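Reviewing the structure listed below.
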Amino acid sequence: MAHWLVKSEPASWSFDDQVAAGNAGTFWNGVRNHTAKQYLMAMELGEHVFFYHSNHGKAIVGVVEVIRPYYPDETDPTGKFGMVDFKAVASMPQPVALDVIKAEPGLAAMVLVKNSRLSVQPVTVEEWALVCRMGGLAPGL
DNA sequence: GCCAACGTTGGC
DNA sequence: GCCAACGTTGGC
């Protein structure tokens, strides 16, 4: 099972919005970048994904689960990009802020640190476990 | 197919 | 609100 991280501007779509969508979940789109698309396409059913708030927030605030793998996004006029469906799984008891991530040597290689503009990114098993621990979340998630 | 110009993202 | 980094576009 691979792990991932997606970014969302909370003013347009926040983790609270995701939680409000309940177990039925909802689509997550807005990817207009081919690298991000590659990762989005690689997501499999049941995989877990960190939910990061960019700009206002700048913290990993929760975990979502892939409940429907990649499918076309009809709102994309170019027809090139697709989306997945997520449902909220857990919110971080203690959100893990970007400056804390940057200060943690074990997370220095995170894509979030190295390529801050990529909106969908892979997370290694080690990074996943460490961020969960820092956020006060059970590592099994 | 190269590369300059432009647009967008996102941290500060 | 500014600006650096990066992706994309389009002229050649």
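Please read these numbers as outputs of a predicted model, since none were measured by experiment. By convention in this document, chain letters (A, B, ...) are assigned in the order of the sequence lines, proteins followed by strands, and residues within each chain are numbered from 1.
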>> Are the side chains of Thr35(A) and Leu118(A) in contact, using a 4.5 Å heavy-atom criterion?
In response: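 Result yes, sub-4.5 Å side-chain heavy-atom pair found.
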
> How about His53(A) and Phe51(A): are their ring centres within less than 6.0 Å of each other?
Replying inline: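 Close enough - the centres of the two rings lie under 6.0 Å apart.
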
> Nucleotide by nucleotide, 5' to 3', does protein get under 4.0 Å of the base (B), only the sugar-phosphate (S), or neither (-) in nucleotides 1-11 of chain B, counting heavy atoms?
Replying inline: -------BBBB

>> I'd like to know if the side chain of Lys37(A) and the backbone of Met83(A) have a donor-acceptor N/O pair within less than 3.5 Å.
In response: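 Not at all, since once roles are kept as given, no pair shorter than 3.5 Å links the two residues.
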
> Just checking, is any N or O donor in the side chain of Trp4(A) or Gln121(A) under 3.5 Å from an acceptor N or O on the other one?
Replying inline: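 Side chains of Trp4(A) and Gln121(A): no pair found under 3.5 Å.
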
>> Less than 4.0 angstrom from a charged side-chain N to a carboxylate O is my criterion; do Arg32(A) and Asp73(A) meet it?
In response: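 Looking at Arg32(A) and Asp73(A), the cut-off is met.
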
